[in-house]
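Start at 1 with the first residue, then count along the sequence.
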Amino acid sequence: MFAQLNRLARPAFAALALALVAVSAPPVTAGGLQGKPIFDNYDGDYDCQSVKQAIRYLKKRNYKMIEKLEKEAEEGIYLFSAKKKNAEHVFIPYYITYDACDREIVSRTPIKEEKLL
């Protein structure tokens, strides 16, 4: 008896769920959107990240021993020195230029270590 009820109940519940979704969804084409979309309020200016937020961004990308260099290239551009492991699991030092307003690494150049004789 339960097997027969289960066989009949599944399609009935599925039909009921589809009917509720079809009835509860508001028609988009009839009324349109009442307010402005969020993108219309965008003026092109983001808040630039702080140095701590920029360091957190680099840490998430597996950079270690991150140090901010004293000078800044321009407003919102930070210069860091950091190390990252390569494929052989050796730490390679880099100079990193980070744009805090666009929230991306602009450039990354390896630091050449001078050997002392």
Taking side-chain hydrogen bond (donor to acceptor under 3.5 Å, both in side chains) as the definition, give me every residue that meets it alongside R108, ordered by chain and number, with sequence neighbours left out. Y63

For D99 and V106 the tightest heavy-atom approach is CB-CG2, 3.6 Å

Distance, nearest 0.5 Å, that separates CG of L58 from NZ of K84: 9.5 Å

Contacts of P110 that satisfy side chain to side chain contact (heavy atoms under 4.5 Å, CB included) - sequence neighbours left out: Y94

Once side chain to side chain contact (heavy atoms under 4.5 Å, CB included) is applied, do any residues pair with Q53, and if so which ones, sequence neighbours excluded? Q49, S50, R56

In Å, rounded to the nearest 0.5 Å, how long is the span from CD1 of I111 to OH of Y95? 4.5 Å

Which residues share a side-chain hydrogen bond (donor to acceptor under 3.5 Å, both in side chains) with Y57, sequence neighbours left out: R61

Got a second to check how far K52's NZ is from K68's NZ, nearest 0.5 Å? 13.5 Å

OG1/T97 to CG/L69 distance, rounded to the nearest 0.5 angstrom? 9.0 Å

Could you tell me whether the side chain of V51 reaches within less than 4.5 Å of the side chain of F80, counting heavy atoms only? yes

CD1 on I96 to OG1 on T109, rounded to 0.5 Å: 9.0 Å

In Å, rounded to the nearest 0.5 Å, how long is the span from CZ of F91 to NZ of K85? 4.5 Å

Please name all residues satisfying side-chain hydrogen bond (donor to acceptor under 3.5 Å, both in side chains) with N62, sequence neighbours left out, ordered by chain then number. none

Which pair of non-hydrogen atoms, one from D47 and one from R103, has the smallest distance, and what is that distance? O-NH2, 2.9 Å

Using the rule that two of Ile, Leu, Val, Met, Phe, Trp, Tyr join whenever any of their side-chain heavy atoms come within less than 4.5 Å, decide whether I92 and Y98 are in one cluster. yes

With sequence neighbours excluded, what pairs up with E88 under the side-chain hydrogen bond (donor to acceptor under 3.5 Å, both in side chains) test? N86

